[in-house]
Number of protein chains: 2
Amino acid sequence: MATLNDVAKLANVSKMTVSRVINHPDKVTDDLKQLVYQAMREVDYHPNVAAKALVNNSTRIIKFCVLEDIDTTEPYYMNLMIGIARSLDAQQYSLQLVTRRNFDIGNCDGYVITGMRKKDFDWIGELKKPLVIFGENRFGFDYVDTNNKAGTFMISNLALKRGYERLIFIGMDSRESFEYSREAGYLQLLQENQMVSEIHRFDNHSHLSQQFVIDNWDKFEPNTCFICASDRLALGAERGIESCGGLIPKDYGVTGFDGVFLNQVAFPQITTVKQAIVEMGMACGDKLLDKIVNHIQTSGSLMFEPKISVGGTIRVNVK
Amino acid sequence: MATLNDVAKLANVSKMTVSRVINHPDKVTDDLKQLVYQAMREVDYHPNVAAKALVNNSTRIIKFCVLEDIDTTEPYYMNLMIGIARSLDAQQYSLQLVTRRNFDIGNCDGYVITGMRKKDFDWIGELKKPLVIFGENRFGFDYVDTNNKAGTFMISNLALKRGYERLIFIGMDSRESFEYSREAGYLQLLQENQMVSEIHRFDNHSHLSQQFVIDNWDKFEPNTCFICASDRLALGAERGIESCGGLIPKDYGVTGFDGVFLNQVAFPQITTVKQAIVEMGMACGDKLLDKIVNHIQTSGSLMFEPKISVGGTIRVNVK
DNA sequence: TTAAATAATGTTACCGGTAACATGCACGAT
DNA sequence: ATCGTGCATGTTACCGGTAACATTATTTAA
């Protein structure tokens, strides 16, 4: 690999001038810059990341910390990682995947943390390196997330427009911010339309929502739509309805939330709120690097507007 | 952060002695070793990875390259990554996720490559850094994989033991090594039992196997089991059978392959060949680091024996 | 006209490790 | 007693960058 020195010799200048061309180009004359650029191209110069890291006392490593149980979340986080990695690569940072188990092992320059719960507030606050949280939170940490409230509002509205008269919310049994926001979107729509709300909550497993639908089947009149807080719950609801002989989407509607993988393997595919996960991953990376490079303490949060992904679980036209 | 020098001063020795205690402990007397260890503990010494990387002309970065389209494979690879990351972390290496797009950007010390197809043989052969392929191949690259043949043999045998009289294989329409091996396991069992084989191949999408079952429903007599080369195909077959009114597992059986996620979201859950993916990921990491650290050219391949994950798509007892 | 300010480039030292060589000391053979 | 030998430890230089300071050339102000 060619080094600064190689470039310097070829261009007949000192290492320092080459370094300046890269880092402080305004302090070098245009003539020299051209010379140096030319030499860099000739020897195919790429900076040595380790040397930079050493002199800057940095590691060029970003830890991506997944605090949730990985197996409940796999497909989702893979996309997020791809986004983060894409952003970091561009600036020669590399991504390290950690969990609660091995969080402390080894050094890094910053963190992207996801799956944070209330109880994590304390130790995360103690961290000395910049961080970005993936997932809304009310503790003041910078975060990136989907606009959860807008998502459920939007899809509840769609269900209403398609003629379902009763909207029942099936939420996640966790007192976390994103869940509140999703419920809030549903509630807002119902209030605006003077409808009666009904919310049930379960752990995020399809068999629980499925069982719920089966157990209460006699209470659900045709023309009901289940607004679910996750595709997993929607999948269960869909199965429950089908096993009770309900017709989807004619008599019963189901909507999900996430739009990663599960909505597609369901049959019929779930009409869901699709999050722009790869893009959010890139935003996490960009935001974090910005904080690291420019020594910014707080840079505010970022909400991505979700889109509706059309499947076959709600009617295409008004009944 | 404490450095070698800090430790050295505290222990009243030179940097070099401390370095030797770490890297060549046999060249230092026991007394000094104790002294140095004590000092290291006192200042909480952790080696500076960047400095090591600089002097060894290494990067401490391993690229994990997914050559397949990520969206068809998400849940699978997330687990693999977790395994790889776990292995690398222990030795202070960090993992970089790359795809075809950004493969060349930035330096590294080695590669774990997955989703390799025949056409990739050439350029992978040109790589100058150590590599491990995830997924069997017949080009001589070291690999880690499940024993695919044993897997389909095992599960076909189970179907047979449970009394299904006809076994139909639904494979993937790709002329890759792992597919051949999976078919081979099936074929071997059928030959040993003097049964007639029947193989169909599709792209790895559930709706294709589903459509196939529906289109040919009249040809499938009760007591048939579909041995599928992936959980995705199995999911489709399961749906096809159900939509035609076939009873699972009473009259029809379905088996899958992979045991990651999809088999669990199916209903009933798919009886499948479960791969030990996290462990294989760790093996990839360990193998690669071994090659890097010890300058080994070729270290042979590694086959993991799969296990059967029992779901509800084949009978529990003989009919 | 000349001293002082300013801009462009070069020199040196350092980041935290490690290899290679240098030193000093104990011990056995002569 | 003398010398070589081997072992334990220390010194030096270097990996590839960058900050801080030094030097030189060019302007500007008095």
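In what follows, chains are A, B, ... by sequence order, proteins preceding strands, each numbered from 1.
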Original post:
For DNA chain D, which nucleotides open and close the run of contacts to chain B, 5' to 3', at under 4.0 angstrom from a non-hydrogen atom?
Top reply: D:dA8 to D:dG16
Subject >> Flag side-chain contact, heavy atom, 4.5 Å: A:Val132 against A:Tyr143 >> reply: no
Subject >> N/O donor-acceptor pair under 3.5 Å between A:Thr298 side chain and A:Gly300 backbone >> reply: no
Original post:
Tell me, which of residues 17-36 of chain B have any heavy atom that sits under 4.0 Å from an atom in DNA chain C?
Top reply: B:Ser19, B:Asn23, B:His24
Original post:
What residues form a salt bridge (Lys or Arg N to Asp or Glu O under 4.0 Å) with A:Lys274, not counting sequence neighbours?
Top reply: none
Original post:
Contacts to DNA chain C from residues 1-12 of chain A, heavy-atom cutoff under 4.0 Å, which residues?
Top reply: none
Original post:
Can you tell me if B:Asp258 uses its side chain to pair, donor with acceptor, with the backbone of B:Val260 under 3.5 Å?
Top reply: no
Original post:
Hey, is NZ on B:Lys307 packed in by over 12 heavy atoms from elsewhere, all under 6.0 Å?
Top reply: no
Subject >> Spacing of A:Tyr180 atom OH and A:Arg175 atom CZ [to the nearest 0.5 Å] >> reply: 6.0 Å
Original post:
Of B:Ala51 and B:Met16, whose closest DNA chain C nucleotide lies nearer the 5' terminus?
Top reply: B:Ala51
Original post:
Starting at the 5' end of DNA chain D, which residue's closest nucleotide do you reach first, B:Lys15 or A:Pro47?
Top reply: B:Lys15
**OP:** List in chain and number order the residues that pass salt bridge (Lys or Arg N to Asp or Glu O under 4.0 Å) with B:Asp120, two or more places apart in sequence or in another chain; answer none if no residue qualifies.
**Re:** B:Arg100
**OP:** Under 4.0 Å between any heavy atoms, over every strand shown, what does B:Asn48 touch: base, sugar-phosphate, or nothing? Just pick one.
**Re:** sugar-phosphate
**OP:** Might you work through the side-chain hydrogen bond (donor to acceptor under 3.5 Å, both in side chains) test for A:Glu42 and A:Gln38, ending with a clear yes or no?
**Re:** CA-CA 6 Å; A:Glu42 230 162 282; A:Gln38 173 59 29; 3.0 Å; yes
Set out, line by line, the N/O atom pairs under 3.5 Å between protein and nucleotides 22-28 of chain C.
none

Original post:
Does the side chain of B:Asn107 come under 3.5 Å of the side chain of B:Thr59 through a donor N or O and an acceptor N or O?
Top reply: no
Original post:
Would you say the side-chain atoms of B:Lys63 pair up with the backbone N or O of B:Leu95, donor to acceptor, closer than 3.5 Å?
Top reply: no
**OP:** Heavy atoms only: give me the nearest A:Met81-A:Leu97 pair and the separation to one decimal.
**Re:** SD-CD1, 4.0 Å
Original post:
Quick check: does any side chain N or O of B:Lys129 sit under 3.5 Å from a backbone N or O of B:Cys108, one acting as donor and the other as acceptor?
Top reply: yes
**OP:** For A:Ser87 and A:Asp286, work out which heavy atoms get closest and say how close.
**Re:** OG-OD1, 2.8 Å
